[in-house]
Amino acid sequence: MMFDFSSTLFWYKLVFSAEIIVAEIIFVVNLRRRSRFVLRAVLSISGLFVFAFLFPIVAYNAAWTCFMFFMMFFASLFGIKICFNEKWWNIVFCGLAAYTIQHIAFVVYDSLGDLGEMLFGIDLPSNVYMQDGGVSADSSLVVSMIIYAVSYFVTYMIAHYVYTDKIHPDEVSRLGRRRFVLLAGIILITDNIFNSVTMYNIEIDPVSLWIERGYNILTCLLALQLQFSQLTEKNMEAQYDTVRHILHEEQKQYRIVKQNLDTINVKCHDMKHQLRAIHVGGAGIDKEELAEMEQAMSVYESVVKTGNETLDLILTEKNLIYGRDHIQITCIADGTLLDFIKPADMYSLFGNALDNAIEAVMRLDESKRTISLFVKRVGDMISIHVENYFEGSPTLVRGLPKTTKKDEEYHGYGMLSMKMIAEKYGGTLAVEFSGSIFCLNIMFPAR
């Protein structure tokens with residue numbers, strides 16, 4: 001029975017191995033590869049086919065068939081581990097998704113085969129789980145192979161387009177929560193067992209058979225949704241953790257900057273009076289030197305008075321740092337409208353908005369290094385509008401510009417933190433591009 005070449009199931013073991021390998025490629029293609037990957041892959045694939053060929057068929061029933069296929073599936077997981085430098089949980093995550101897709105394709109193929117027999121009277125080869133059947137070379141086999149190819153190709157291609165890009169090299173360490181991976185595994189195992197029982201129940205009525213198949217596919221889709229919804233959630237949690245860390249650091253920076261600027265302004269104010277006294281008293285300091293010193297120190301007092309201390313602080317800081325780069329920040333703002341926002345959130349919101357604008361105009365000629373900031377009330381809303389020149393073609397991800405820096409893991413969170421702050425106070429954030437003008441619009445309900 002172990003090498004019963006007349007058994008369809010005996011040969012399907014090898015076919016199943018190929019099916020699971022192709023399905024697993026869809027999900028592991030972005031994982032971190034080990035050295036000598038090609039050699040490892042060839043040995044792993046060859047080993048899986050040898051394992052499948054030698055695996056005995058001691059009985060033609062649901063229990064042994066399920067055990068046999070699960071053992072081949074577990075063997076394929078070891079092959080993935082040999083080829084990829086990943087944790088076991090990540091490998092199990094990808095393997096379960098692959099097995100789910102393979103099972104969906106199998107049910108689709110089986111269903112289309114039955115439809116062909118019902119609608120066109122085509123006598124297709126018998127159930128692959130049965131002992132008899134063998135392999136024939138008549139026209140029904142050709143039709144069966146066409147249906148098989150279409151079923152698996154379409155199912156696998158859909159899986160590729162829907163799921164492959166959701167597993168990124170820098171995110172594989174965050175693949176799904178363990179309890180949900182386990183739950184998805186339990187669902188898949190149960191679903192396969194029920195399917196095997198149905199396959200061996202030759203007396204099942206057609207209505208129950210189609211209900212079972214529909215339930216089978218829906219359950220598999222539920223398992224996939226369970227896995228990948230958690231993946232998305234974990235990625236978002238990681239992003240928000242990063243943003244919260246950035247906000248915390250910006251709060252500390254805000255306190256330091258405020259303290260330093262307050263100290264500088266006091267010292268500069270005192271020095272101006274001292275210099276004026278020296279100038280009037282006719283001390284031996286050159287008048288031109290005194291004028292230059294007064295002009296240099298006057299920068300520290302050139303604060304835009306918006307009515308909001310934090311906004312004034314931010315504008316002063318940016319003018320101090322980037323004034324020498326000939327960047328002009330024009331501000332028409334009623335800062336009193338923003339008193340409901342905490343100072344630390346104000347610092348992060350406007351700091352990020354101005355930093356992004358400054359980064360954009362720094363690449364341009366000095367004639368275009370202008371940034372406009374408007375804060376005003378529009379009806380029952382408070383409008384914050386920032387616009388600046390830019391060059392290039394920005395890419396939007398979920399409505400926000402994608403960072404242009406190469407190291408995306410540590411950049412690109414400024415816009416996300418601004419969006420979080422806007423939503424924290426019941427507002428919205430949106431961006432738009434008009435020619436070479438970039439516009440940032442934030443709206444809050446008026447208080």
Calculate, to the nearest 0.5 Å, the distance between atoms NZ and CG belonging to K81 and L31 respectively. 10.5 Å
I'd like to know whether CD of Q328 has more than 12 heavy-atom contacts from other residues, nucleotides or ligands below 6.0 angstrom. no
I'd like to know if the side chain of S44 reaches the main chain of A41, judged simply by a donor and an acceptor atom lying under 3.5 Å from each other, with no hydrogens or angles considered. no
Does CZ belonging to F37 count more than 12 external heavy atoms closer than 6.0 Å? yes
Please check this pair: side chain of N30 against backbone of T164, looking for a donor-acceptor N/O pair closer than 3.5 Å. yes
According to the interplanar angle, ranging from 0 to 90°, do the rings of Y109 and Y152 count as parallel (below 30°), tilted (30 to 60°) or perpendicular (above 60°)? tilted
Closest heavy-atom pair, L315 versus I329, reported as atoms and distance to 0.1 Å, is CD2-CG2, 3.9 Å
For the residue pair F69 and F16, does the interplanar ring angle fall in the parallel (under 30°), tilted (30 to 60°) or perpendicular (over 60°) class? tilted
Looking at Y156 and E19, would you say the former's side chain and the latter's main chain have a donor-acceptor pair under 3.5 Å? yes
Non-hydrogen atoms of L112 and S151 that approach each other most closely: CD1-OG, 3.3 Å
Let me know which of I358, T370, L354 forms a side chain to side chain contact (heavy atoms under 4.5 Å, CB included) with I327. I358
Inspect the surroundings of CZ in F153 and state if more than 12 heavy atoms from other residues, nucleotides or ligands are less than 6.0 Å away. no
